[in-house]
Amino acid sequence: MPDSTVCVAFLTPRYSATNTGQGSSLFRLLNGLTDEFSETDPDVRICYHGTPASGFYNASQIKHDLTGTIGGSLLLVLLFLCVCFRNRDTLPLLLLPVLFGTLFGLAMMYFLKGEFSLLALGIGAVVLGVAMSYVLHVLTHYKYVGNPEHVLREQVKPVCLGCLTTIGSFMGLFFIDTALLQDFGLFAAFAITGTTAFSLTYLPGLLRPEKSRMNHRAFTAIDRINAYPFYRKKGLLAGIAVVTFVCIGCYVACGTQFDADMHNLGYKAEHTIYSENLLLRKTYTADKQKYFAASGQTMEEAIERFALLSHKLDSMQRIGLVKNYTHTDKLFIPLRVQQERMEAWKRYWTDERLEQVRRLIVATAPEAGLRPEAFEPFFDYATADYEPDALYKAGIIPPGYWSTLMEQSYNGEHLCFTSVRCANDTVRSHMSDYYRICDAIVTEPNLMVLDTYYYTTDTLTAMNEDFNVLQWVSMLFVFVVLLVSFRFNLKHTLLAFLPILLSWLIVLGAMAIFGMRFNLINIIISTFIFGIGVDYSIFVMNGLIGGEKDSRLLAYHKTAIFFSAVTLIVTVGSMLFAEHPAIRSVGFSTLVGLVSAVGLSYVVQPAVYGWINKKGGKA
């Protein structure tokens, strides 16, 4: 650096920047060496940043948050369930179906895709809460009736229907051209299928009626809560109606906004932020510096294509978009261009022109005090035969500087780099200078922007548009399944579908009211909210209809919903304490969705069902 306070070195990993598995070994080694150096030279600080470093710390923070927040909350929830159920085998019986479903999902993903995103697995862990709700329904019902066969007769239909409709709520993700969402959708669908299958086939065989116990005080308290006639409280119904209409109104008036900027989702470690800011301060404080490249199957091909990149940058520099860039093409001359220049050199220095120059030197050199024979080396060079030579093969460029100009990527492709300076505007849209430069570069197939965020912006924007359509398609699928399952009874179908639709609209309206935007993670979680709303609605509806034969059936379902809601709210609420912004961002929309789903199922659905029966007789 000009003030000699900072020394910059470039490292080129031998793996893809997105391969955080191999990156962990590199950065643990770097951190160890940095700590050792700091002990011997405490006045010198070593720091680093870059895409591989960001990927490593992003993945590490996800792992830490998943184990520290969600893991801790799950332990509290499991302890609560064990106290209520009292049996020693409660914990194994709760976890075995979920574990089987998780392994089934991972196995199916392995056979279908071979690998999938760590973030998809992390967010998929939340969906296991939906799967656990099916286990809770079976176990809770068993605690009341004490007969596995009786449990199966009353639980197979609602559990299977909930499983089918929940999978249907993930259907939209299968058709979005984004690997993360496809991975999440597939894993969630397989995990829920595996958990449901285990809960209805193997779990009843593991139940032992003679050893069944439960905490009667806890269940009595829960029964009192469930027995309270919330649906008869006009004030509560009016409050829910007002909140629902306000949210729907705000959603209709403001719509939903989508944040396609991946910078707002990734986690950045403190020392990588420091490193980036330090480099920015020591170079060009008011400018943005980004890398672009020309690619080719060979190094020579990459250099040839760099000429087009240089031409585009020259044009944009003349109109003021580009302030400056590294003229790599001035250092690496294509062999074809070298040959053309040599031929032009030979054509220019004809025998007549060389003889004329020789005469002029003989006539004028003595007047300047020079000997004419001193110019003989010039004539040797002018008449010599030359061959094109590749500078990148000469081995005279230091490796550290070489990596800033050229490299061979992990897939075997060769890249020729240039560093471009432009205005450091904070606007991340296609109106900014940087995005206008990027848009001009990517029109050519062999020129690229070395910025993954640029490419993901358009993908995420298109994904949001697709998701809005596909989400309603998933709702239509759920509606059709409900209609068939209720034997085309339109009243029952609409009543079961009501909490599903309203909870989704409440979430959309709440996000509009609080100025929150959809992003890649919120889209995933919204599907999860929709799925859990489907389950709660189906079980309450099943209890309302079945209450004509068994008045306790609704209470059984409500108790299971209570345990499920507590499990999910505590687990998801713990995400608010995560440091990773993507995980923390799911807290608000998820809590709103869960609370609205429970409230609508507990209060509105029974109220409307009673009103229908009162007005029109039995439905």
Side-chain angles (χ1 to χ4, degrees), residues 10-19 50-52 283 287-345 386-423 430 432-459:
F10 293 89
L11 297 179
T12 305
R14 299 180 64 87
Y15 60 88
S16 167
T18 58
N19 191 336
T51 302
T283 51
D287 296 338
K288 178 182 292 184
Q289 187 167 343
K290 293 290 184 178
Y291 279 90
F292 298 81
S295 63
Q297 296 301 315
T298 64
M299 195 69 77
E300 188 62 29
E301 189 177 42
I303 295 173
E304 284 272 4
R305 291 170 176 171
F306 189 89
L308 178 58
L309 175 59
S310 180
H311 174 73
K312 284 180 171 289
L313 293 175
D314 281 338
S315 300
M316 287 184 282
Q317 188 172 12
R318 285 194 294 271
I319 63 176
L321 284 179
V322 173
K323 293 190 175 183
N324 197 5
Y325 71 96
T326 305
H327 293 268
T328 311
D329 55 330
K330 303 298 183 184
L331 182 61
F332 299 108
I333 311 298
L335 299 180
R336 176 186 56 80
V337 175
Q338 292 183 38
Q339 185 64 43
E340 291 174 355
R341 292 178 180 180
M342 292 173 188
E343 293 174 356
W345 176 268
Y386 297 98
E387 294 293 334
D389 190 16
L391 181 62
Y392 52 84
K393 293 182 179 179
I396 61 176
I397 300 177
Y401 181 61
W402 169 270
S403 63
T404 66
L405 302 173
M406 284 186 172
E407 76 169 17
Q408 184 176 9
S409 63
Y410 67 95
N411 62 356
E413 198 172 44
H414 295 266
L415 302 176
C416 187
F417 303 128
T418 180
S419 175
V420 177
R421 285 198 301 116
C422 62
H430 289 281
S432 67
D433 287 356
Y434 171 61
Y435 274 90
R436 290 171 65 188
I437 296 170
C438 294
D439 291 342
I441 296 299
V442 297
T443 54
E444 297 296 331
N446 298 305
L447 305 183
M448 62 181 64
V449 180
L450 300 182
D451 183 3
T452 55
Y453 293 109
Y454 169 76
Y455 292 103
T456 57
T457 299
D458 289 338
T459 302

Could you tell me if the side chain of [Y] sits less than 4.5 Å from the side chain of [X], heavy atoms only?
| X | Y | result |
| --- | --- | --- |
| Leu405 | Phe417 | no |
| Ser310 | Tyr325 | yes |
| Asn446 | Glu301 | no |
| Ile303 | Met406 | yes |
| Ile319 | Ser315 | no |

Rounded at 0.5 Å granularity, tell me how far [atom1] in [X] sits from [atom2] in [Y].
| X | Y | atom1 | atom2 | answer |
| --- | --- | --- | --- | --- |
| Cys422 | Gln289 | SG | CD | 9.5 Å |
| Gln339 | Glu387 | CD | CD | 6.5 Å |
| Leu391 | Ile333 | CG | CD1 | 9.0 Å |
| Phe306 | Ser295 | CZ | OG | 12.5 Å |
| Asn324 | Gln317 | CG | CD | 5.5 Å |
| Arg305 | Leu447 | CZ | CG | 9.0 Å |

Only one of Met299, Gln408, Met448 clears side chain to side chain contact (heavy atoms under 4.5 Å, CB included) with Leu415; which?
->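 Result: among Met299, Gln408, Met448, Met448 is the only option passing the side chain to side chain contact (heavy atoms under 4.5 Å, CB included) with Leu415.
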Take the angle between the ring planes of Tyr392 and Phe332 and call it parallel below 30°, perpendicular above 60°, tilted in between.
->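 Tyr392 and Phe332: tilted rings.
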What closest approach, in Å, do [X] and [Y] show between heavy atoms, and which atom pair accounts for it?
| X | Y | value |
| --- | --- | --- |
| Lys312 | Thr443 | NZ-OG1, 3.5 Å |
| Ala440 | Met316 | CB-SD, 3.9 Å |
| Leu313 | Thr418 | CD1-CG2, 3.9 Å |
| Glu300 | Leu335 | OE2-N, 2.6 Å |
| Leu309 | Ala294 | CD2-N, 4.2 Å |
| Pro388 | Gln338 | CA-OE1, 3.5 Å |

Would one find more than 12 heavy atoms of other residues, nucleotides or ligands at under 6.0 Å from atom NE2 of His327?
->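 Atom NE2 in His327 is crowded, with more than 12 foreign heavy atoms closer than 6.0 Å.
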